[in-house]
Structures are given as structure tokens and as C-alpha cells.
Amino acid sequence: MTQSVIYSVSLDRRRRLLVRTPFEAADLMRRVPDARMWDASLKVWVVTPSRVNVGYLRKTIPQLVWDRDAQDLGDDVLTRGTPPPRQSTDDYTFAERPPYAHQREGFALSRGAPAFALLMEQRTGKTRVLIDVASDLYLRSLIDTVLIICPNSVKSVWEEQIPEWTPRHVPHEVVVYGAGDRKRVAEAMAAPPAGLRWLVVNVEAFSTTRPRTKTQPPTGAAFIEELLEGRKTLGAIDEATRIKTPGASRTKFILKLRDLLAYRRILTGTLITKTPLDAYCPFKFLDPAILGFSSYYSFRNDVAIMGGYGGKQVIAYSPGALERLAALIKPFSYRITRDQCFDLPPKQYSKRIIELTAEQRRVYESMRDKMAAELSSGQRVTAAIVLVQLLRLQQIVGGFIPDVLHAADAGNLPAVVAIPGPNPKLEALMEELEEIPHKVVIWARFRPEIALIAARLRAAYGDATVVEFHGGVKEADRTVNRRRFQDLADTCRFLVGQPGAGGLGIPLHAARHVVYFSNSFSLEERLQSEDRTQGAEQQWSVDYLDIVAKDTNDLKILKTLRENKSIADLISGDSWKEWI
């Protein structure tokens, strides 16, 4: 390269970098990582002023002479990528139950950060950390509203956990968005606040939008945008991989919404476990300066090696790209796994509350009313009769209805047919499993439920990942299935079984998670099935999750079992009315 040629950087009216270099530097300019193009008329490179581009130019072509405006812009771009400092927790009073050590660490790291990612593995308490951060920001008058964007099936979880974990000295109220009651939501948000206001919105609401017109109110993203105007808001996306697709409508609308948010958070335990490309949109929501790329395609071209048909398939990742990505993310995130949470108790309990479909609700209420009429008809009501009626209601909640036209199965239970439409319990189960990289035991009371679950798991994860354990499996095959599940090197990830068959005597301590799709009425079966994952061989805390349906007897059954009470012993006289 000849030293007589001036290397320079200036700005155009659109505040893009205009880079002048000799012909010999063309190869270096073609390697600029983010958006850039050659302007033949001006004979300059037009470069997007992103963090990766500014950093590349300053490091790779030190001969460049930056004019004052370009220098200031470059300094500003690099400063926006500065990680937040760790803050103390001494001046903040947590809820009545002190946080675990890792939750306190996550709080200290994210407390005052404008943008931060809680990349905490499932059941490590990232919801609690977010609630503590929001409460702290509210007490310091930095926010007055929190927007939670989450899957539709998770709204009820937030509605339940916000009051559970918010400190008593932090006044608060929760508004849950529903597409069918926007008027109620708008009125609630317009009312004088009683404290920190939480607005919980399902991510699906952002898939479509309609701006306000003279004759029609806004919908979807436009409606939420109007609600947040003029507020000091912390916005958080739970299960942030739901906005991983750059071209999706809801991703575009949510990224547009970020400009209204004073603070931003993402929550997930599996952001880059499937593909590093999933990190781009969630981190762009936080702050585009974190990754430093102005477009998804520039980011993809830096991280991935494309090939296949039309060059549109990821065939590998660039050398060192994953390490560079991890280094960019680390200062703005907190990552922890259950194995690293040394103070978690041996057992942790949680529940996922789902809504029945309209058809399930119709069938459930029809069956319940019919049962109530039968039990009120003057016949002698025994606990056994009531339990049979409860069992039928349970089948409906699981997605099935007794079929009186067919014979009973080998377990002396009525044959069943599936209720048309989606199965909310199954969908909730699959959503939960997306976040779990470890072995999982799934207990279900009814064989049709087990068949349904196993088929869905095999379709999603492959035949080799699933084994069954119930009365329909031969004894020798049960032994093989159990040993496969217990072998940490085996491809088997899921054991799906009945507590009555697999909940007694066998060790299943390879599992870190246990999911109850449905519960037996037997307290002994519940306790025994929990103990399969406990014992001297246990090396980690185990999470027990119950998937229960709102406004059904699911919740009462679970509450009774959790209190170590026998359901059969509680049913006598007119007490059946509390259960049907």
C-alpha cells in the first residue's frame, strides 16, 4: 500500500460512514462484518455504523483518519456496548422468603441495567429475579409499569406468581390481557394506579395488528402500544425464543415496541442451545448494540457457513464464531444451570395452570351437572361412587370423554374417545419440555393419556428418546426401559408411565424433572412416585411439576395430595358437592 494515499472516514446525511481507501485495501473492506457497499459514483465504501463495523475498522485499518463527526459517532456506538456494572443488594428488602444465592447474584447483576438477559435454566427462579428487579426499580421511581410478554398458556403462571413474590411493601396490581376483553384491559390501565402495574400479554397477540381508525379501535400490537404511551415501562419477554424468527409479524411488532420501554429483559434457559442464530432477535430487543450487527443476515453470515440448495441452509458455524458470540452476550446476561444452584432443596414443587378449550369446558360442565343431578337424586352416595365420577371428569380434563358405545378396557375403565380440537395439557407439556435438556419422568393416570404423550414425544424427539412404563408393557421390557432411562449415556430422555405401575420400588434418580400430567387419587401412589427420584444416589435437586386445569377439580385434588391427605377419606355425606 502506498503511504501517499489518505485513508479517511466521514459521514453522509444519513449518518452512514463513508470510508475512502486505496484499491489495495479493497480486500480488507470486503471483510467488513456488517452491512457495507461500494458506491462507484463517489468511489467510497458506504458502511453501516454498527459496533462490529466500527470496531473492525479501528482495529484492522489503523491508518484511517476519522473526521470529528465520524469519530464522535464511532465513540458513541462503542460506548453503547458497555456492560452494566454489578450493583449491591444491601439497600433492597426482598420478599418475606429470602432468595437463593444464585437469585441474589442475578438480581445484583441485572438490577439497574437498561437491558439484560436472564438465561437461567428452568426452575432456577428467574421469575422471582425479574419480580425483585421490577419492585426495586419501582421503589426508586424508575418505572411505574411492567409489560410481560409470554406464551398464552403461561399468563396464569405470572398472574399467580406476581402477588406471591412481590414484597409486601410494594403495592401492585395485575392486568391480564385478553383479545376478547380489550375494553376491560383499557379501563384497568387507564384507572389511577394502586401501585406497580403489571400488564401480562400473550405473545400471540402481536401476530396481527390494526391501528386505530375513526370507526374501529386498535388491535394487537397497536393496542398494547397505545396502553404504554407515556409510561415508564420495564418490558420482559418470557421464553424469549418465541421471537427468534426475524420475518415473523410478532417479532417485528415486538422489536418496534422496544423504543417505548425504559428497561428491557428476556427470560429463557435455552436461547442458544438449539442454534446460535436464535440469539439475534431476542438480543436486538434488548439492545442492538450488544451483538453489534444492524441486520440478521449480516449476523448470520458472520456466525454461520451457508450451503445446500440455493445456499440457504446452515451447514456449519464459522471458526470461533460461537466463542465470539458467547463473549458478546456474557456481560449482558446471567447464565446458571440447576447443577450450579447448590442451595436448592432436594425437592421443588411448581404447577402450570392451563385453560380448557371451549369444547372441553362444554363437555366438562355438562358432565359435572349431570353427575350432580344423579348424586342428588336420593340414592345412597358413597366415596367409591364419587371417586368414579371424579375419574370421569379427570378424563375430560386430559382430553378424553368416556365412550358408552364401546366396551371397557382391560383396566376396567370406560373406553374413551379424544375430544376434538387441541389438547391444552399436552401443549403445555411440550412447551415445558422445550426448556428442559435433562431426563424427565412423566406420570399420567390413564393409558390413553400415556399413548398420546408418548406419540407426541416420539414425533418431536425421535423413537429412541421415549420409553413407557405401565401395565401394558411386559415385565422384561419394563426392566429394559428402566435401565435405558437410568443410563445417562443412553439416548432415552423421557419415561412415560402410570404411578400405579412405575411409582413403586424402582429407582429413577437419573431424572431431574418429574411432570404429573394427571394425578391418581391415591396419596400413597403420589408419595411413592415422588420418591422414585430421591435417595442416596440423588445428585441434584428435582423439580416436580403438576399440569392442572383452571376451574376444575384438578386444583383441589393437587392441594389435597400436597397436604398429604387421602382424597377418599375426605369424601363423606354431602362433601361430594365440594368435588363435583
Side-chain angles (χ1 to χ4, degrees), residues 34-35 48 50 115 117-119 147-155 158 177-180 182 199-211 218-228 233 235-261 264-304 306 308-314 317 325 329 333 422 424 427-428 430-435 459-460:
D34 201 1
T48 298
S50 59
L118 295 172
L119 307 181
L147 170 67
I148 298 295
I149 302 173
C150 62
N152 191 54
S153 58
V154 182
K155 289 193 299 184
W158 280 97
Y177 171 87
R182 292 191 184 93
L199 175 61
V200 183
V201 182
N202 54 299
V203 68
E204 296 84 0
F206 294 89
S207 296
T208 57
T209 188
R210 182 184 67 223
T219 63
F223 176 73
I224 303 302
E225 190 173 352
E226 284 196 8
L227 294 180
L228 299 180
T233 305
I237 304 177
D238 189 12
E239 298 189 22
T241 52
R242 296 305 176 94
I243 64 161
K244 66 183 180 182
T245 307
S249 296
R250 66 185 180 196
T251 301
K252 293 178 180 178
F253 290 141
I254 291 173
L255 291 180
K256 179 184 176 183
L257 193 69
R258 68 175 300 279
D259 294 333
L260 292 175
L261 306 174
R264 296 165 301 281
R265 298 291 186 271
I266 59 174
L267 292 76
T268 182
T270 58
L271 184 61
I272 57 175
T273 57
K274 295 180 180 178
T275 166
L277 298 180
D278 290 350
Y280 180 77
C281 289
F283 273 91
K284 186 176 182 180
F285 168 79
L286 290 181
D287 188 341
I290 294 176
L291 297 182
F293 290 86
S294 63
S295 76
Y296 170 77
Y297 297 102
S298 296
F299 172 73
R300 187 190 68 180
N301 292 338
D302 181 74
V303 172
M306 308 302 292
Y309 181 74
K312 297 182 179 180
Q313 296 178 345
V314 176
Y317 293 105
L325 177 60
I329 288 174
S333 63
E427 298 307 320
M430 299 305 292
E431 288 178 359
E432 292 286 340
L433 296 180
E434 285 182 9
E435 297 275 321

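Below, all heavy atoms of this structure are taken into account, side chains as well, without hydrogens, waters or symmetry copies.
The side-chain heavy atoms of V203 and D238, taken from C-beta on, include no pair separated by under 4.5 Å. With contacts defined as side-chain heavy-atom distances shorter than 4.5 Å, the pair F283/I266 qualifies. Within the 4.5 Å cutoff, side-chain heavy atoms of I329 are placed close to those of L291. Annotation: side chain of T251 is not in contact with side chain of F285 (no heavy-atom distance under 4.5 Å). Side chains of I237 and R242 form no contact here, defined as non-hydrogen atoms less than 4.5 Å apart. Taking 4.5 Å as the limit, every side-chain heavy atom of V303 sits out of range of all side-chain heavy atoms of V314. You'll find the side chain of L147 stays beyond 4.5 Å of the side chain of Y177, heavy atoms only.
Between the side chain of E204 and the backbone N or O of N152, at least one donor-acceptor pair lies under 3.5 Å. Between the side chain of T233 and the backbone N or O of L261, no donor-acceptor pair lies under 3.5 Å. Side chain of R264 to backbone of L286: a donor-acceptor contact under 3.5 angstrom is found. Judged purely by atom type and a 3.5 angstrom limit, R250 has no side-chain atom pairing as donor or acceptor with the backbone of A205. Of the possible donor and acceptor atoms, none in the side chain of K155 sits under 3.5 Å from a partner among the backbone N and O of V200. Without hydrogens or angle criteria, D34 side chain to S294 main chain gives a donor-acceptor distance under 3.5 Å.
Shown here for S207 and F253, the closest heavy-atom pair between the two residues is O-CE1, 4.0 Å. Among all heavy-atom pairs drawn from M430 and A460, the shortest one is CE-CB, 3.8 Å. The minimum heavy-atom distance linking P282 with A240 is given by the pair CG-O, 3.6 Å. When all heavy atoms are compared, the tightest approach of P422 to P424 is O-CD, 3.5 Å. Nearest heavy atoms, P246 versus C281: CA-SG, 3.6 Å.
Distance check, rounded to the nearest 0.5 Å: CG of D278 to CD1 of I243 gives 11.0 Å. R265 CZ to I148 CD1: the interatomic distance, rounded to the nearest 0.5 Å, is 11.0 Å. Separation of atoms CD (E239) and CD (E431) is listed at 6.0 Å; rounding is to 0.5 Å. Note that NZ of K256 is 12.0 Å distant from CZ of F206, once rounded to the nearest 0.5 Å.
Applying the salt bridge (charged side-chain N to carboxylate O under 4.0 Å, His left out) definition to pairs two or more places apart or across chains, those involving residues 287-303 are D302-R324.
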| request: Evaluate side chain to side chain contact (heavy atoms under 4.5 Å, CB included) for L277 paired with F299, printing each intermediate quantity in order. | output: CA-CA 8 Å; L277 298 180; F299 172 73; 4.0 Å; yes

| said: Using the rule given for side chain to side chain contact (heavy atoms under 4.5 Å, CB included), can you reason through L257 versus L228, listing the C-alpha separation, both sets of side-chain angles and the distance that settles it, and then say yes or no? | reply: CA-CA 9 Å; L257 193 69; L228 299 180; 4.2 Å; yes

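Among residues two or more places apart in sequence or in another chain, the side chain to side chain donor-acceptor pair (under 3.5 Å) test is passed with S295 by S298.
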